[in-house]
There are 2 protein chains.
Amino acid sequence: MPKLDESLLTGLPPFSRLDRGQIRQILDQAGSRRYEEGTPIFREGHDAERFYLLLDGYLRVVQATRDGEEIIVLHISPGQLFGIAPALQRDTYPATAIAAAETIALSWPVRLWDTFTREYEGFATETYRTVGQRIGQIQETLTELATQAVEARVASAVLRMANQSGRKTEEGIEIAFPVTRQNIADMTGTTLHTVSRLLSGWEKNGLVRSTRKHIVVTDAHRLVLLSGAKD
Amino acid sequence: MPKLDESLLTGLPPFSRLDRGQIRQILDQAGSRRYEEGTPIFREGHDAERFYLLLDGYLRVVQATRDGEEIIVLHISPGQLFGIAPALQRDTYPATAIAAAETIALSWPVRLWDTFTREYEGFATETYRTVGQRIGQIQETLTELATQAVEARVASAVLRMANQSGRKTEEGIEIAFPVTRQNIADMTGTTLHTVSRLLSGWEKNGLVRSTRKHIVVTDAHRLVLLSGAKD
DNA sequence: TCTCGACGTTGCTCTTCCACAAACCGCCGG
DNA sequence: CCGGCGGTTTGTGGAAGAGCAACGTCGAGA
């Protein structure tokens with residue numbers, strides 16, 4: 001395993017209060033791996049053996065229903081911890097994590113968790129802040145799903161991805177990882193067909209531009225209108 | 001303020017590893033209050049000044065949408081901590097808590113949070129376990145909302161309440177707090193009308209019995225079938 | 001006891017969106 | 001270069017469930 005550079009972690013919230021020595025220590029205990037697009041990193045219900053940090057790429061966190069469908073609960077962007085079941089006293093992962101694009105992640109065995117929270121100042125604090133934010137996000141998705149019409153939900157989902165992973169280009173905001181219509185359907189609890197129609201419609205009206213697995217939001221403002229207060 | 005009895009806390013998970021002296025200490029710092037049915041205990045977005053323990057009664061945790069609708073995210077039963085924003089490094093409450101029935105709760109100012117987690121063994125651990133469980137619950141609701149038909153969602157919601165707060169009676173399992181059709185609609189993202197129709201239908205087929213604000217599940221088994229794998 | 005208001009029921013209409021179907025596009029491997 | 005496959009587009013019914021409306025009923029307070 002090649003030695004990992006310390007600059008990888010400096011500046012990331014969970015490690016921001018640590019000195020070089022501590023970061024070195026953490027890195028020396030880390031495993032590092034590359035995941036191809038579509039590869040699962042861990043699966044719902046499996047024993048939580050490691051916890052992770054996403055260095056590069058994007059993840060989909062997915063939950064399966066009894067009848068085999070799966071829905072996307074949230075996305076994870078670089079710099080975030082994930083698979084942090086031990087923080088919540090769980091011994092299995094509550095959901096499946098899948099690489100949405102080519103991805104690199106560090107990981108540590110769960111037995112180090114207690115050491116991390118004890119020895120490294122700010123680590124626990126920042127972790128729980130992340131947990132809090134995720135709960136907020138999920139709750140928001142929940143209310144949206146419960147109250148909004150399909151078009152608004154799809155608009156929100158697209159905007160959320162754009163905000164989370166957006167790259168500014170001349171044309172607009174580009175979603176940085178591959179997304180299929182089916183993926184969006186899985187985020188919004190609708191079908192591939194409906195999503196396709198909506199995106200086609202928006203493209204006709206100049207709100208977005210899209211090619212396969214690739215979406216650029218060209219008129220975020222009007223999309224926000226669609227997603228929210230109708231009028 | 002009358003002195004609170006120590007037996008209130010012994011046996012509850014967050015305090016189970018503490019001795020009498022510690023429990024006495026905790027109680028002496030607690031505020032105790034009664035809330036009438038329908039009273040909010042705290043509101044979404046307000047400064048998180050205290051954290052709470054539900055002694056008796058039931059709570060609805062509610063989130064409001066931009067357009068004034070509100071949906072019920074989860075219920076809280078006696079013995080659980082709630083309003084634990086500080087555990088997640090939040091300084092405002094992420095949702096509104098409303099008494100679903102006459103309720104009694106203890107509370108402490110947030111500045112004691114750090115003391116509690118530091119001094120009282122098992123308190124932090126158990127709290128985070130609760131958080132983990134709630135996330136699991138919300139995620140489940142989310143997938144349900146995204147994939148299941150209305151009838152299945154309503155069935156699940158009723159079953160969830162029955163399991164959480166069920167009292168066995170001769171007739172079946174009785175939900176221990178008042179629930180209106182509108183409440184169920186708010187849990188499942190549907191309308192009062194649809195819920196009313198469904199309950200009427202079920203009553204006709206002997207799955208439930210209901211009077212106003214009051215539901216008894218008389219055939220849990222068949223209700224489970226409705227809630228899950230169709231056939 | 002009467003009245004009022006909250007809660008619940010039911011029928012009808014209308015919209016939304018899903019299911020099914022058929023075909024197309026563009027990328028990848030042979 | 002060609003075939004195949006995954007991803008996408010588009011059209012057409014049809015059914016689920018929302019919205020509207022009107023009425024019934026229970027309980028609390030004057």
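Values reported hereafter were calculated over all heavy atoms of this structure, with side chains retained and with hydrogens, waters and symmetry mates removed. A note on names: the letters A, B, ... follow the listed sequences, proteins ahead of strands, and every chain is numbered from 1.
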> Does B:Gln139 reach the side chain of A:Ile138, with side-chain heavy atoms less than 4.5 Å apart?
Replying inline: yes
>> Assess whether a salt bridge exists between A:Glu151 and A:Arg197, defined as any Lys/Arg side-chain N lying under 4.0 Å from an Asp/Glu carboxylate O.
In response: no
> Are the charged groups of A:Glu37 and A:Lys213 less than 4.0 angstrom apart, N to O?
Replying inline: yes
>> Tell me whether the rings of A:Phe42 and A:Phe82 are parallel (<30°), tilted (30 to 60°) or perpendicular (>60°).
In response: parallel
Would you mind reading off the distance between [X] atom [atom1] and [N] atom [atom2], rounded to a whole angstrom?
| X | N | atom1 | atom2 | answer |
| --- | --- | --- | --- | --- |
| A:Leu198 | D:dT8 | CG | P | 14 Å |
| B:Glu37 | D:dA28 | CD | C1' | 13 Å |
| B:Gln182 | D:dG19 | CD | C1' | 14 Å |
| A:Glu203 | D:dT10 | CD | C1' | 15 Å |
| B:Gln148 | D:dA16 | CD | C1' | 15 Å |

>> Using modelled atom types and a 3.5 Å cut-off, is there a donor and acceptor pairing between side-chain atoms of B:Thr103 and backbone atoms of B:Ala101?
In response: yes
>> Donor-acceptor pair, distance only, cut-off 3.5 Å: does the side chain of B:Ser107 make one with the backbone of B:Arg50?
In response: no
>> At a heavy-atom distance below 4.0 Å, which nucleotide of DNA chain C is the first touched by chain B, and which is the last?
In response: C:dA6 to C:dC12
> Hey, what do you get for CG (A:Leu74) to CE (A:Met187), rounding to the nearest 0.5 Å?
Replying inline: 9.0 Å
> Looking at five pairs on each end of the helix from C:dT1-D:dA30 to C:dG30-D:dC1, what is the angle between the two axes, given to 10 degrees?
Replying inline: 40°
> According to a strict under-4.0 Å criterion, is B:Thr194 in side-chain N/O contact with OP1 or OP2 of D:dG17?
Replying inline: no
> Within less than 4.0 Å of OP1 or OP2 of D:dT10, is there a side-chain N or O belonging to A:Ser200?
Replying inline: yes
> So what does B:Thr211 hit on the nucleic acid, given a heavy-atom distance under 4.0 Å: a base, only sugar-phosphate, or nothing?
Replying inline: nothing
>> Heavy atoms only, 4.0 Å cut-off, all strands: where does A:Ser196 land among base, sugar-phosphate and nothing?
In response: base
Would you indicate which nucleotide in [options] comes nearest to any side-chain atom of [X]?
| X | options | value |
| --- | --- | --- |
| B:Thr191 | D:dA18, D:dG7, D:dT9 | D:dA18 |
| B:Arg212 | D:dC26, D:dT10, D:dG17 | D:dC26 |
| A:Lys213 | D:dC20, D:dG7, D:dC26 | D:dG7 |

> Start at the 5' end of DNA chain D and walk down; is the nucleotide closest to A:Leu199 or to B:His193 reached first?
Replying inline: A:Leu199
> So, does the side chain of A:Arg197 form a donor-acceptor pair with the base of D:dG11 at under 3.5 Å?
Replying inline: yes
> Under the ring pair (Phe, Tyr, Trp, His ring centres under 6.0 Å) test, which residues partner B:Tyr35, sequence neighbours left out?
Replying inline: none
> Is it the case that A:Thr127 and A:Thr130 place a side-chain donor and acceptor less than 3.5 Å from each other?
Replying inline: no
